[in-house]
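Residue numbers begin at 1 in each chain, while the letters A, B, ... track the order of the sequences. Keep in mind it's a predicted model, so treat the numbers as computed, not measured.
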Amino acid sequence: SKSLSTILHQPHLLEHSWTFWFNNPSAKSKQAAWGSSIRPVHTFGTVEEFWGLYNNIHHPSKLLAGADFHCFKHKIEPKWEDPICANGGKWTISFPRGKSDTSWLYTLLAMIGEQFDNGDEICGAVVNVRAKQEKIAIWTKNASNESAQLSIGRQWKEFLDYNDSIGFIVHDDAIKFDRFAKNRYTI
Amino acid sequence: GDGDGDGVTSRKYTRDFLLTFSEQCTDLPVNFDIGPDIAAETLMSVPIAISHHVDRESY
């Protein structure tokens with residue numbers, strides 16, 4: 001049988017592997033196509049690796065305005081064009097600049113710890129850091145699956161202890177209508 | 001837990017449980033290697049060894 005120290009040092013496997021992606025704000029202006037500077041940073045599959053990364057990278061309040069930082073399931077790219085994301089959408093919450101760190105961490109922990117009842121529907125999460133605000137979004141797979149989207153939105157608000165209403169925008173609508181896209185669901 | 005118990009998934013961890021690992025896991029994964037096209041200082045909160053060349057165009 002295993003010794004105690006072996007058990008203590010057994011890494012805690014996550015249900016899924018996840019990849020951190022970073023969109024470098026300084027590189028963005030040099031890139032012709034938006035999104036072309038999104039790069040995978042590292043893929044992790046254990047609780048220990050998650051913290052090893054999280055503890056050594058800037059939290060949203062310390063990222064430069066213009067940065068996008070993503071945590072998506074391994075092999076799902078944080079892009080509308082990704083086949084798994086293509087029919088999806090996203091729930092979004094906006095925070096004043098410098099105020100999203102705790103919510104971002106709690107979002108990550110809820111995802112990697114499989115705390116969402118409809119976790120299979122989740123592609124990943126992103127934080128967009130801008131001059132005056134930080135926006136966190138959870139991307140999902142099938143926007144038309146209303147009950148799953150509502151469940152995810154409801155649980156996300158619980159996990160963050162967030163009480164204002166939040167909206168779900170379908171990626172297709174965002175592509176067509178840009179900033180004028182309307183919420184498909186509100187909760 | 002890991003296991004051959006009830007057959008239901010699996011690797012669910014509560015926030016409180018995950019948070020207990022925060023302070024003991026402070027080292028980057030051993031195979032961590034930031035790509036040359038990411039400006040490390042914009043992402044990393046600690047200095048790391050960077051192998052790619054320095055862009056001197058601003059001088």
For the residue pair [X] and [Y], establish whether any side-chain heavy-atom pair is separated by less than 4.5 Å.
X        : Y        : result
His12(A) : Leu18(B) : no
Leu63(A) : Thr42(B) : no
Ser45(B) : Lys62(A) : no
Asn56(A) : Phe32(B) : no
Phe69(A) : Leu43(B) : yes

| query | In this structure, are over 12 heavy atoms from other groups packed under 6.0 Å from Lys135(A) atom NZ? | reply |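 Check fails, neighbour count at 12 or below.
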
| message | The test is side chain to side chain contact (heavy atoms under 4.5 Å, CB included); show your working for His42(A) and Leu28(B) and say whether it passes. | response | CA-CA 10 Å; His42(A) 198 82; Leu28(B) 280 167; over 6 Å; no

Given the rule that I, L, V, M, F, W and Y join up when any side-chain heavy atoms are under 4.5 Å apart, are [X] and [Y] in one cluster?
X         : Y         : answer
Phe17(B)  : Phe44(A)  : yes
Ile122(A) : Tyr162(A) : yes
Phe168(A) : Phe177(A) : no
Ile166(A) : Ile169(A) : no

| task | Could you grab the distance from atom CZ of Phe21(B) to atom CG of Leu109(A), nearest 0.5 Å is fine? | result |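 Here the interatomic distance stands at 11.5 Å.
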
| Separation of Asp27(B) CG from Leu53(A) CG (nearest 0.5 Å) |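 If we round to the nearest 0.5 Å, Leu53(A):CG and Asp27(B):CG are 11.0 Å apart.
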
| query | Is the cationic atom of Arg15(B) (NZ for Lys, CZ for Arg) positioned less than 6.0 Å from the six-membered ring centroid of Tyr106(A) and within 45 degrees of its normal? | reply |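 Yes; both conditions hold, so Arg15(B) lies above the ring face of Tyr106(A).
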
| said: Can you tell me which residue among Trp51(A), Phe50(A), Tyr54(A) is in a side chain to side chain contact (heavy atoms under 4.5 Å, CB included) with Cys25(B)? | reply: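 With Cys25(B) as partner, side chain to side chain contact (heavy atoms under 4.5 Å, CB included) holds for just one option, Trp51(A).
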
| field | Top contributor to chain B interface from Ile112(A), Thr46(A), Leu14(A) [non-hydrogen pairs under 4.5 Å] | value |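 Option with the top pair count is Leu14(A).
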
| field | With His58(A) via side-chain hydrogen bond (donor to acceptor under 3.5 Å, both in side chains) - residues at least two apart | value |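 Scan of His58(A) (side-chain hydrogen bond (donor to acceptor under 3.5 Å, both in side chains), adjacent residues dropped) gives none.
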
| Which residues pass the side-chain hydrogen bond (donor to acceptor under 3.5 Å, both in side chains) test with Trp156(A), sequence neighbours left out? |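 By the side-chain hydrogen bond (donor to acceptor under 3.5 Å, both in side chains) rule, Trp156(A) matches Thr107(A).
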
| task | Carefully, step by step, assess Val46(B) and Ile57(A) under the rule side chain to side chain contact (heavy atoms under 4.5 Å, CB included). | result | CA-CA 7 Å; Val46(B) 291; Ile57(A) 55 184; over 6 Å; no

| Quick one: what part of Phe159(A) sits under 4.5 Å from any heavy atom of chain B, side chain, backbone, both or neither? |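 Phe159(A) touches chain B through backbone and side-chain heavy atoms alike.
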
| How far apart are the closest heavy atoms of Gly52(A) and Pro29(B), and which atoms are they? |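 Closest pair (atom of Gly52(A), atom of Pro29(B), distance): C-CD, 4.2 Å.
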
| Looking only at heavy atoms, which two atoms of Arg39(A) and Ile38(B) are closest? And how far apart? |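 It is CB-CD1, 3.8 Å.
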
| Are the side chain of Glu15(A) and the backbone of Lys12(B) linked by a donor-acceptor contact shorter than 3.5 Å? |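 No; zero donor-acceptor contacts below 3.5 Å.
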
